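Encoded as structure tokens, the structure appears first; notes follow it.
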Amino acid sequence: MSFQHSHDAELPREEQDLVAAAAEFCRGAFSDHLLDTHNQGQPYDAAWIGKWAEAGFLGLQTPREFGGHGASFLCKIRVAQTMAEHGFAAAFAINNLQGSVTRVARAGTDVQREHLLQAMLRGDVLCAPAMSEPGGGSDLGALTTTARRVDGGWLVTGTKSWITNGQIVHCANVLARIGGDDGGDAGQLASFLIPLNDGDTFRREEIHMPGARSFRLSHLVFHDHFVPDWALFGDPGQALRTSMASVNAARVHVAAMCVASMRAALREAVDHAHHRHAFGKPLIGHQGMAWELAEVSLRLEAADALVWRAAQAVQADAPALTLAAQAKKFAVDVALWGIDQCLRAMGATGASAAHRLAMQSAETRLGAFGDGTSEMLLDRIGKQLHQEYGAAPPRPPIDRKDPA
Ligand SMILES: Cc1cc2nc3c(=O)[nH]c(=O)nc-3n(C[C@H](O)[C@H](O)[C@H](O)COP(=O)(O)OP(=O)(O)OC[C@H]3O[C@@H](n4cnc5c(N)ncnc54)[C@H](O)[C@@H]3O)c2cc1C
């Protein structure tokens, strides 16, 4: 039994079934489609999102009373991993959609849930978080998009950048600064669930990312775009805090997908090294090659263990700021190095369209930017050094029970 499958054994039976169903969905036609479209320089067909929704996965973490599965965080990352083994960008993008459904279900107002939730669960309304801007990605405090109060709502002006699924979403959760002279709220950051009707006040500008079209990145450009009152998501002033509250989970989630992407690469490389002969024996029979892939395997399992430990902390609602940053930084570095090693170990074959390694390498590299770049993660870990490793009391043990 692989380490990964031993993780599944920690999940309740019905969550194990969800992971198995997701794995079944991803292998075969979907997996082939991801590779084919990548090789053609195209994003995967968005119709697959509808099929994923039909199978119930957009509601993976949506509470049961709203029609979802109410699954745990650990289940969510195992489901994301099953997809990331076949394509990192599709897994990142589709799980991003699922995250928006969860956010509306858990933190939306009654009106927002009534307007959007069932359509989101069906995949009829797709939504994206939109925080980054052309002038500020890591430094969110520098954002310049404004929301100015008018009769019955708000007028939003500004540009959101690098928005995953931005080319196809119907709605965006936009972080904006309250402008004008709106009493005590002026200058505060607020979040709005904005319906995206292309027209005079809103347009999309596709961002062409060679080798990673499945993220469907786009700028979202607003100019005096009217947003109804009901779209305000949470209290003004709390928006940044609310967004940052889920950042540990988001970091661990991306880290887990990096691990899965690397595991798939290692599997391909090991299979190849078994079947390809050189100098009278299988490649794997040469000590130099076996040791190279052994090194990949041990760093993979080290990353996997760290990510799973961080995931357990998030699941248990235990302090996870440092652990999540460490998990993402380490998993990203190890995955990019490891996929590259696997590609090299396969010779020219590894870089060909018949294999997934070039795709995994290009897509996983880009996934590393979201939810904290490596420098920002190191900065975060550095700021916590004294608390985590200095004279302060050690971090409490993780309660492994599912709080849900
Ligand atoms: C595939 C992909 C999907 C994305 N999806 C979304 C999305 O759905 N929604 C969304 O809002 N955003 C999204 N983003 C944007 C992402 O969050 C940003 O790219 C990220 O926050 C970094 O911002 P930036 O690219 O503007 O880089 P910058 O912030 O300009 O950073 C540039 C470089 O400077 C470094 N740097 C910055 N500050 C410091 C510092 N203080 N010390 C040392 N080094 C520093 C960074 O680490 C980086 O290497 C996505 C990006 C990608 C690539």
Side-chain angles (χ1 to χ4, degrees), residues 38 43-44 49 80 84 87-103 126-145 156 158-177 189-194 196 204-222 233 239-240 242-244 246-251 253-255 257-258 261 325 328-329 332-333 335-336 359-383:
H38 171 82
Y44 69 93
I49 298 169
F88 183 93
F92 186 97
I94 292 179
N95 283 283
N96 205 290
L97 296 171
Q98 186 242 305
S100 288
V101 183
T102 309
R103 214 166 300 121
L126 306 176
C127 187
M131 298 189 284
S132 306
E133 298 191 356
S138 306
D139 182 9
L140 278 181
L143 69 80
T144 58
T145 297
V156 172
T159 299
K160 291 294 169 184
S161 295
W162 312 109
I163 305 308
T164 302
N165 296 310
Q167 296 164 27
I168 55 169
V169 283
H170 309 95
C171 172
N173 202 336
V174 170
L175 193 62
R177 195 173 298 286
L189 290 178
S191 197
F192 297 88
L193 266 178
I194 304 187
L196 302 176
R204 302 165 208 253
E205 286 172 5
E206 179 177 339
I207 301 172
H208 186 62
M209 284 295 210
R213 300 289 302 277
S214 285
F215 288 104
R216 289 188 162 91
L217 295 179
S218 185
H219 298 289
L220 307 179
V221 185
F222 302 93
F233 194 79
L240 193 55
T242 310
S243 302
M244 296 325 277
S246 56
V247 80
N248 293 336
R251 285 175 179 166
H253 186 220
V254 175
M257 288 190 283
C258 288
S261 178
K328 180 166 185 255
K329 168 75 172 67
V332 163
D333 288 354
L336 295 183
M359 168 185 171
Q360 296 287 39
S361 172
E363 293 185 347
T364 307
R365 189 170 302 281
L366 272 190
F369 292 117
D371 305 301
T373 60
S374 290
E375 290 79 8
M376 298 316 294
L377 296 172
L378 281 179
D379 197 52
R380 168 52 55 213
I381 298 162
K383 286 188 170 118

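Whatever order the structure lists ligands and atoms in, that order sets their numbers, starting from 1. Given the structure is predicted, the values throughout are model-derived calculations rather than measurements. Numbering of residues begins at 1 and proceeds along the displayed sequence.
Taking R213 as the reference, E206 meet the salt bridge (charged side-chain N to carboxylate O under 4.0 Å, His left out) condition, with sequence neighbours excluded. Every residue two or more places apart in sequence or in another chain that forms a salt bridge (charged side-chain N to carboxylate O under 4.0 Å, His left out) with D379 is listed here: K383.
For atom 8 (O) of ligand 1, the nearest protein heavy atom (residue, atom name, distance) is T164 N, 3.1 Å. Looking from atom 2 (C) of ligand 1 to the surrounding protein, the closest heavy atom is L217 CD2, 3.9 Å. The protein heavy atom nearest to atom 18 (C) of ligand 1 is S132 OG, 4.0 Å. Nearest protein neighbour of atom 46 (C) of ligand 1, counting heavy atoms only, is T373 OG1, 3.4 Å. Looking at atom 4 (C) of ligand 1, its nearest protein heavy atom turns out to be W162 O, 3.1 Å. For atom 35 (C) of ligand 1, the nearest protein heavy atom (residue, atom name, distance) is E375 OE1, 4.3 Å. M376 SD, 3.5 Å is the protein heavy atom nearest to atom 38 (N) of ligand 1.
Within a 4.0 Å radius of atom 30 (O) of ligand 1, the protein contributes no heavy atom. Note that atom 16 (C) of ligand 1 has protein non-hydrogen atoms nearby, at separations under 4.0 angstrom.
Residue S138 has at least one heavy-atom neighbour below 4.0 Å for each of these atoms of ligand 1: 21 (O), 22 (C), 23 (O), 28 (P), 29 (O), 31 (O), 37 (C). Interface atoms of ligand 1 facing L366, defined by a heavy-atom separation under 4.0 Å, are 1 (C), 53 (C). Proximity to M131 (heavy-atom distance under 4.0 Å) selects the following atoms of ligand 1: 10 (C), 11 (O).
When the options M257, M359, R365 are evaluated for a side chain to side chain contact (heavy atoms under 4.5 Å, CB included) with F88, the one that passes is M257.
With a 4.0 Å heavy-atom cut-off, ligand 1 is reached by the backbone of A130 but not by any atom from C-beta on. In F369, the parts holding a heavy atom less than 4.0 Å from any atom of ligand 1 are both the side chain and the backbone.
Of the candidates G137, G99, P129, G135, the one placing a heavy atom closest to atom 21 (O) of ligand 1 is G137.
Of the possible donor and acceptor atoms, one in the side chain of H170 sits under 3.5 Å from a partner among the backbone N and O of L126.
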